[in-house]
Amino acid sequence: QPARAVDLVEEESGAPGEEQRRWEEARLGAASLKFGARDAASQEPKYQLVLEEEETIEFVRATQLQGDEEPSAPPTSTQAQQKESIQAVRRSLPVFPFREELLAAIANHQVLIIEGETGSGKTTQIPQYLFEEGYTKKGMKIACTQPRRVAAMSVAARVAREMGVKLGNEVGYSIRFEDCTSERTVLRYMTDGMLLREFLSEPDLASYSVVMVDEAHERTLHTDILFGLIKDVARFRPELKVLVASATLDTARFSSFFDDAPVFRIPGRRFPVDIFYTKAPEADYLEACVVSVLQIHVTQPPGDILVFLTGQEEIEAACEMLQDRCRRLGSKIRELLVLPIYANLPSDMQARIFQPTPPGARKVVVATNIAETSLTIEGIIYVLDPGFCKQKSYNPRTGMESLTVTPCSKASANQRAGRAGRVAAGKCFRLYTAWAYQHELEETTVPEIQRTSLGNVVLLLKSLGIHDLMHFDFLDAPPYETLLLALEQLYALGALNHLGELTTSGRKMAELPVDPMLSKMILASEKYSCSEEILTVAAMLSVNNSIFYRPKDKVVHADNARVNFFLPGGDHLVLLNVYTQWAESGYSSQWCYENFVQFRSMRRARDVREQLEGLLERVEVGLSSCQGDYIRVRKAITAGYFYHTARLTRSGYRTVKQQQTVFIHPNSSLFEQQPRWLLYHELVLTTKEFMRQVLEIESSWLLEVAPHYYKAKELEDPHAKKMPKKIGKTREELG
Ligand code: CDP
Ligand code: MG
């Protein structure tokens, strides 16, 4: 048995059962508070806060992350409060002394790899230097890519402020379904996926003078593909400047990929960080986090805390638990500001994490991986690291993609620890043992390209006229089987012909900024005359799992409200129903509140829907409604998702083609109904392989929408006596 047996936490809020109970219990735990002794005499300082006897977490100090600077006392809050002018702050960043040298290097080399500690000013300063140097003259633009939406938005906002311009004017950002740029925008922060899509409209990136691929060490799928494309463009556009910016990782790889491009190192400014491990493994890291934050808060000198969790639901739960306990402890402890940060957090809330902590208080930022290298939060002295992240994995044999909570890599753990040493000597508390660090964490994270499905990217590359994918210039090649399966799936969806060439339908699918299956579903809505409904379903699926709201003190009401939206047929129709009723209410926030629906998610769905609607003309789909004939909607969905199907067997659900065991997610409207045939939107592996967003279908529809993929024989039902022999009949029914 591994030493770290940690329960995997389910993704969404409102997951009934086990996890809910655990959270409830945890919340009730904080009964009495006694301050544990800080053992000053011992070599190994112990930090204890006794909430209840069994709830104490003991850390042992093990190693130190070396810094370049002398240890120093944490800044007092008055210091932190001092308002320096924005220009003074800019001059104080580690990159500043290297401004001229850096610009000279950029002038002299077409491709430059830039390496620098997180927070040294790469993202916010370098594009500004280039702007000041005149790289945007003659209407040319500078692109800076970010793997994460939040980072693109927040960094653009910061840079706009530094330049004293309105966001969306000279400086803007562009992320999927949200474009905050204008004709005037010359500094464009964008997700790597968006720059990839730019190639579709401008294959040589002719309007850009500089492309900065930032956070390159993250090695996201889109960044990796960008490398190959940009390297190619750079060959026939010698005036294009390419910058590859990365934290202090992997730079030699990047350099050799770009024909030994020079590496420009920005010396870090890093204070030492003491690293502590737990003595024993923690069974419940969420609970352990909450206890540890309070421990740090009551035993440690001033300085803010940064906690790394894996996703929105977990972060919200942790914040709620923390706030709850603080409320109970009242004036026994100093003020603790609890601030979340994750991808879907609205921007006004995001901005709060950058505001200075009021005197006397302490801030705790509960973040996803985004705070690892993409965002720098000033004033962090303590890092709390449970050692997990949410990671995609893909099995090319079964074609199953899943998102799971997995231990992070050592490289990741050390980046996290480094966040504690930016302003002063810091401390990093790891919620795992030193042994686990040594023996259970991988050295580095496997690049995303090797653990994800490639349908999307292959379709895009094909649209760009890149046919020979096996010989594409990959930094790390994807597994052969994954590429092959992507080609097969695109063929099955009708995007490629038997020669692997892009079809007309494939070209249309590439126009829509969504996954091929979702694109196919939208295209199919033309045939089934239900594009209005399908657009809504597509938009709702895109905002995903954050539609319903389930406050802990109104669980029963919230669950009732949710069940009221149920429609026979399944979850896609439930989503459609929620949206339709909301639209009928006049898109009212009050309606959302009364029905336990997240207003923000709905507003986003509305945005996404509008954007998709705007693209319909380009893909030659007219607006039409099914007028309540949901069979048509279900068939259109099936036309896109016939790959994701399962059937009920004696031993539960099995995927149709691969015979994998899968389960309906307990949150699904079909959880208790167990229809014989169904389709799912995605699989999420938590404790089991759960199908999320499930729709009941008929097996005959599969023959109707994908006759080249399914054979009647494999859809025969051993339980049912009669199976319609003639497929022709069902086709006729369609009319
Ligand atoms: O990219 P790199 O990690 O090298 O640094 P950066 O993101 O350019 O950050 C430089 C400075 O800007 C840091 O001191 C951040 O705290 C600050 N910053 C900020 O205050 N607000 C943001 N949204 C982004 C950066
Ligand atoms: Mg950066």
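Quick caveat, the model's predicted, so the values are computed rather than measured. Keep in mind that the numbers below use all heavy atoms, side chains included, and drop hydrogens, waters and symmetry copies. Read the numbers this way: they start at 1 and go in the same order the structure lists the ligands and their atoms. In this chain, residues are counted from 1 in sequence order.
Here the side chains of Leu240 and Val211 are in contact, with some heavy-atom distance below 4.5 Å. When side chains are defined from C-beta on, Gln146 does not count as touching Met194, because their heavy atoms never get closer than 4.5 Å. Contact of the Lys122 side chain with the Leu243 side chain is not registered, since no non-hydrogen atoms from C-beta on lie closer than 4.5 Å.
In this structure, the protein non-hydrogen atom closest to atom 23 (N) of ligand 1 is Ser154 OG, 3.1 Å. Annotation: atom 15 (C) of ligand 1 to nearest protein heavy atom, Glu378 OE2, 3.6 Å. For atom 5 (O) of ligand 1, the closest non-hydrogen atom of the protein is Gly121 N, 3.1 Å. Shortest contact from atom 3 (O) of ligand 1 to any protein heavy atom: Gly119 N, 2.6 Å. Nearest protein heavy-atom neighbour of atom 7 (O) of ligand 1: Thr123 CB, 3.9 Å.
In summary, the atoms of ligand 1 found under 4.0 Å from a heavy atom of Ser120, numbered by their order in the structure, are 2 (P), 4 (O), 5 (O). Taking a cut-off of under 4.0 Å to the non-hydrogen atoms of Phe354, the atoms of ligand 1 that pass are 21 (N), 22 (C), 23 (N). Of all atoms in ligand 1, listed by their number and element, those nearer than 4.0 Å to a heavy atom of Glu117 are 4 (O).
Residue side and main chain included, Thr124 places no N/O/S atom under 2.8 Å of the Mg ion (ligand 2).
Counting heavy atoms closer than 4.0 Å to ligand 1, residue Arg158 contributes side-chain atoms (C-beta onward) but none from N, CA, C or O. Contacts of Arg422 with ligand 1, taken as heavy-atom pairs under 4.0 Å, involve the side chain alone.
In this structure, a donor-acceptor pair under 3.5 Å is present between the side chains of Thr310 and Glu314. In the model, Thr373 has a side-chain atom that pairs as donor or acceptor with a side-chain atom of His217 under 3.5 Å. Residues Tyr394 and Gln450 bring no donor and acceptor atom of their side chains to less than 3.5 Å of each other.
Remark: the backbone N or O of Ser207 is paired with a side-chain donor or acceptor of Glu202 at under 3.5 angstrom. At least one donor-acceptor pair under 3.5 Å links the side chain of Gln128 to the backbone N or O of Thr124.
Polar contact check, Glu162 against ligand 1: no nitrogen or oxygen pair lies under 3.5 Å apart. By the 3.5 Å distance cut-off applied to N or O atoms, Ser374 is not counted among the residues near ligand 1.
Proximity annotation for atom 6 (P) of ligand 1: of Thr118, Ile266, Ile114, Thr124, Thr124 comes nearest, heavy atoms only. For atom 11 (C) of ligand 1, the choice among Ile353, Leu375, Leu93, Thr376 with the nearest heavy atom turns out to be Leu93.
Under 4.0 Å is where a charged nitrogen must lie from a carboxylate oxygen, and between Glu162 and Arg90 at least one such pair does.
The cationic atom of Lys141 (NZ for Lys, CZ for Arg) lies less than 6.0 Å from the six-membered ring centre of Tyr208 and within 45° of the ring axis.
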